[in-house]
Amino acid sequence: MKTIGVLTSGGDAPGMNAAIRAVVRTACESGMTVYGINRGYQGLIDEDIRELNIRSVSDIIHRGGTMLYSARCLAFKEEEGMQKAIATCKKFGIEGIVVIGGDGSFRGARDLSLRGIPCIGVPGTIDNDIVCSDYTIGYDTCLNTIMDMVDRLRDTVESHSRCMVIEVMGNRCGDLTLNSGIAVGATAIVIPEIHSDVEKHVIERIRRTQKTDKKHFIIMVAEGIGGVAELAKKIQNECGVESRSMVLGHVQRGGSPSARDRVMASEMGYHAVQLLMKGIGNRVVVIKDDKMIDLDIYEALNMKKPVDETLYKIAHEISI
Ligand code: F6P
């Protein structure tokens, strides 16, 4: 392969820039031409593309967001959009693409691969919900951002003897909520993989800790559960503790990537280009049991992710 493209798609994640940098530099060092495709698949449809060289990716490793911008492109799901994207690849001589994004982005990568443009997926999302990978770029930074914000909330929650019900991102995956919940010492952690009767669970947890004379409470709720304002009201009524709610929102997606995200992104970007160099496509680079491997995209999309029940059990026992 002589010419490749790189794009970021779906929700942005800290560390995407480090992955772009690794892709561009690895490819350039091997004499390839690299095109940066702006705004994900939309850029392929609109021919919003520019050539990148090793200096184009200077001074981005420490920046959040993505220098290639991102989008969730509905037009690419239609055959017309797909054909336009393929025509753009032909026009620019793009023979393969590294797609940095979540599982929605990988479906696009699989469809392009099946139509003759080999793509390699690199998992980039704060959600850690790429089933086949133990880790996704952006997750570690996001976890630390949540922890910092909730630590600040704890100061005021403690001063006022209140309960704070906090909604955490993660789409339908509870990983961010469970892990940040443990890190902030939450009284209750509510995730879609485990809970059905949310109110009962949370109120029982608060009453249990109230008996040990605890006066302030942090409740972490995954966005896949939602309803934090209603839950706060219910807690106030049933447990007699003044309660507030907060949706942490998109601030969770920003900020300078952690060392772990930068290193992981650099490794994954490098690995993706090695595959394209061998003419291999339709694969996704993943971390499994601390090893970097690659899997067929189709298989990867069909795996089921179990929740870490041991970790949940630990959280449940120690949050008294
Ligand atoms: O996938 C990342 C994510 O931030 C999810 O946690 C959240 O559900 C979603 O994206 C929000 O999407 P948008 O930025 O389009 O509102």
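Start at 1 and go down the list; that is how both ligands and their atoms are numbered.
Taking atom 16 (O) of ligand 1 as the reference point, the nearest protein heavy-atom neighbour is His250 NE2, 3.2 Å. Looking only at protein heavy atoms, the nearest one to atom 2 (C) of ligand 1 is Asp127 OD2, 3.3 Å. The single protein non-hydrogen atom nearest to atom 4 (O) of ligand 1 is Arg253 NH1, 2.8 Å, given as residue, atom name and distance.
Remark: side-chain polar atoms of Arg262 are paired, donor with acceptor, to backbone N or O of Pro257 under 3.5 angstrom. No donor-acceptor pair under 3.5 Å is formed between the side chain of Ser30 and the backbone N or O of Met32.
Under 3.5 Å, the side chains of Asn179 and Tyr139 contain a donor-acceptor pair of N or O atoms.
Residue Arg72 approaches ligand 1 through these ligand atoms, each under 4.0 Å from one of its heavy atoms: 9 (C), 10 (O), 11 (C), 12 (O), 13 (P), 14 (O), 15 (O).
Any N or O atom pair closer than 3.5 Å counts here, and Gly170 shares at least one such pair with ligand 1.
Linking Ile, Leu, Val, Met, Phe, Trp and Tyr residues whenever their side-chain heavy atoms come within less than 4.5 Å leaves Val131 and Ile120 in two separate clusters.
Contact annotation for Glu223 and ligand 1: only side-chain heavy atoms (C-beta onward) come within less than 4.0 Å of the ligand.
Between Tyr312 and His201, the two ring planes are tilted [angle within 30° to 60°].
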